[in-house]
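The structure appears below as structure tokens.
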Protein chains: 2
Amino acid sequence: MVTIYDIAKKANVSAMTVSRVINKSEKISEETRKKVEAVIKELNYIPNNSARNLITKKTKILSLMITDIANPFFTSVARGAEDKAMQMGYQLLLCNSDEDFEKESKYMDMLISTGSDGVLIAPANDHSKKNMKKLTKHGIPFVLIDRSIPNLECDQVLSDNETTTRRLIEHLIKQGHQKIAIINGPLVVSTARERHQAYLDTLKIHGISVEDHLMKESHFRDSDVTNSIQELLNLPEDERPTAIFATNNFIGMNTMKTLHKHNIKVPEEMAVVSYDGIPNYTEEEPVLTVAEQPAYNFGYIGIQLLIERIEGTAPEKVRKIVLPAEIHLRASSLYQP
Amino acid sequence: MVTIYDIAKKANVSAMTVSRVINKSEKISEETRKKVEAVIKELNYIPNNSARNLITKKTKILSLMITDIANPFFTSVARGAEDKAMQMGYQLLLCNSDEDFEKESKYMDMLISTGSDGVLIAPANDHSKKNMKKLTKHGIPFVLIDRSIPNLECDQVLSDNETTTRRLIEHLIKQGHQKIAIINGPLVVSTARERHQAYLDTLKIHGISVEDHLMKESHFRDSDVTNSIQELLNLPEDERPTAIFATNNFIGMNTMKTLHKHNIKVPEEMAVVSYDGIPNYTEEEPVLTVAEQPAYNFGYIGIQLLIERIEGTAPEKVRKIVLPAEIHLRASSLYQP
DNA sequence: CTGTTAGCGCATTCAG
DNA sequence: CTGAATGCGCTAACAG
């Protein structure tokens, strides 16, 4: 392995001078800088970060913890995060918690051990607070994205779940729907809770009674919603919903698939609206009405806040950034006379 | 920061003993082990990997370099790689070269600097050989996936491009097609070259003349193929192809979209076959005939080979694993009388 | 089974 | 502008 000493010897300078050249110190004469750089190139020298980190306590590595790498929403988040991180001279370590607190904890120890300068995280659920506390104890800044955690003051980039949900539900109401079902993720996740609450509030505002049997709790991962749908379809005619609100892309997509299997016509027999965009890999126009969140920006802005926190350019006060979603009205919820 | 010395002092042992406990050395009395572990837990001690790496030259970090994080093919590769890496106690650093040799080189220096134990890489193109040589010079093992590099002896996990392409083209020939176009990626990438060659060979075997104007070179990223398609459609009636072979998922998908825009009926006016699966996010049955590669296994097996190489359990001789693709015949290439 | 000594490669002091 | 000494946190090699 080539070290600064090898460079120093060959360039007839001290190791310290080489170190200064590497770190782009200003206080180096043009002449010696060029001489050293030539030797560095000649010997293919690449600095050893482990040695560096040991002293500086900095790694120039940021970590991104997401809950599902198979979800296009998080793929976009990752792209945004990666773009900003690279632009700012940081590397990105990608971790996938699979919506699992235990797996998240395990990764967290690894991150601390390896030395991340900061962590951008979509927490698995409310229990993740424990992991956040651990980061704080180790002096590692973090920024929450997509999901908040109760009673945890920190920088975060979130979606405006209240407004977006209300707009989706009111759209359904305007289309004449009174019995609107919700298929949600686990309520131990903040986004599920907020969308649940906004669903309830909107119904109440419009004088629509809330029915327990229209509220289903499923998962945010790409798992089947057959049971939930089946239960909704099994309801007596006068209780059966005429519309379904799916709280993420996989639930929405699987709802459409399942309804199709049951030969239920959308939107005539059942209207569907969903959270999150779904990439269109076909030549057909998309059908599903969705509230598309700015996933890329979750990553991009999240990393920006994180770096500002790390480099001390952020204000003392924590920042909570709330981004709007964009609603695309499509056939799945538009009444066709 | 808590160090082994803090633990040692509080547990009334030497730092070395603490180190042994952390590293699960056998030669420790049950009693002292328990005592030390208790203090570690009490003080929330997590070892500093930078210090460790400096001595051991091991980081327990593997890197995965892919060329396009937005491509579902590589997302699957990443999942497979992540699963295996985690299972074996390694972390995965994900890098995205964007099909760009320069970006790949930049990441490569970072990887070497941070200290990856090994690299699993889908090289951007043949020029990447230079980057591979650099890894070798720094003693970092690597495994190629998806794409090989001419005259580079190393472990690799590839797809059987020759057989798969032949089967796709022969399927088209059986359907009665004689004028078959190919829209390919850049020929500086091995997979593009191999598919190109197999396309030529298959046509020749079946006595079909090869026409230059039916061979288009595009990109593997999600960019438009409008020009290529336009040129094909502009050909005089008797030279115009009746089928298109797309050499990856994005090309296939964009070919379908573009044909749709031109109101060209598939497969009646133009049959289409494509490489790579495309996730189906709709309730409709997929239409496109594809050769689906075992992407997950590229990652999974690739990491396996890599770890065997790192830990010295691999045979001296390099291994070349060739995985078959699975052909799904669908409407886009099936003649409907 | 446990402890001592030394040093991994580099940047932070502090001197010149 | 340059250099010498020191130690970051940990483990390899040896000694007891």
Nucleotide of [options] approaching [X] most closely (side-chain heavy atoms):
| X | options | answer |
| --- | --- | --- |
| A:Ser14 | C:dT4, D:dG3, C:dC1 | D:dG3 |
| A:Arg20 | D:dC14, C:dT13, D:dT11 | C:dT13 |
| B:Thr32 | D:dA12, D:dC10, C:dT2 | C:dT2 |
| A:Thr56 | C:dG9, C:dT2, C:dT12 | C:dT12 |
| A:Thr3 | C:dT2, C:dG9, D:dC10 | C:dG9 |

Think [X] has a side-chain N or O under 4.0 angstrom from the OP1 or OP2 of [N]?
| X | N | value |
| --- | --- | --- |
| A:Ser19 | C:dC10 | no |
| A:Ser29 | D:dC1 | no |
| B:Lys57 | D:dT11 | no |
| B:Arg52 | D:dC10 | no |

With distance as the sole criterion, is a donor-acceptor pair present between the side chains of [X] and [Y] under 3.5 Å?
| X | Y | answer |
| --- | --- | --- |
| B:Ser105 | B:Asn131 | yes |
| B:Asp83 | B:Tyr296 | yes |
| A:Glu308 | A:Thr313 | no |

inquiry  = Just to be sure I understand the rule, does B:Asn23 reach a base, reach only the sugar-phosphate, or reach nothing, if contact means heavy atoms closer than 4.0 Å?
reply    =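 Answer is sugar-phosphate: B:Asn23 comes under 4.0 Å of backbone atoms only.
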Whole angstroms only, please: what is the [atom1]-[atom2] distance between [X] and [N]?
| X | N | atom1 | atom2 | result |
| --- | --- | --- | --- | --- |
| A:Lys24 | C:dC10 | NZ | P | 15 Å |
| A:Tyr5 | C:dA11 | OH | C1' | 10 Å |
| B:Ile55 | D:dG9 | CD1 | C1' | 8 Å |
| B:Asn49 | D:dT11 | CG | P | 9 Å |
| B:Met16 | C:dT4 | CE | C1' | 11 Å |
| A:Ile4 | C:dC8 | CD1 | P | 12 Å |
| B:Asn48 | D:dG7 | CG | P | 18 Å |
| A:Leu54 | D:dT11 | CG | P | 12 Å |

inquiry  = Working to the nearest 0.5 angstrom, can you tell me the gap between A:Phe220 CZ and A:Glu99 CD?
reply    =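 Answer rounded to 0.5 Å: 7.5 Å.
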ask   = Taking all non-hydrogen atoms of both residues, which atom of A:Leu54 and which atom of B:Ser50 are closest, and how far apart?
value =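 Looks like N-CB, 4.2 Å.
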request  = Could you check B:Ala51 against B:Ala15 and say which one's nearest nucleotide on DNA chain C is further toward the 5' end?
outcome  =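 Nearest nucleotide further toward 5': that of B:Ala15.
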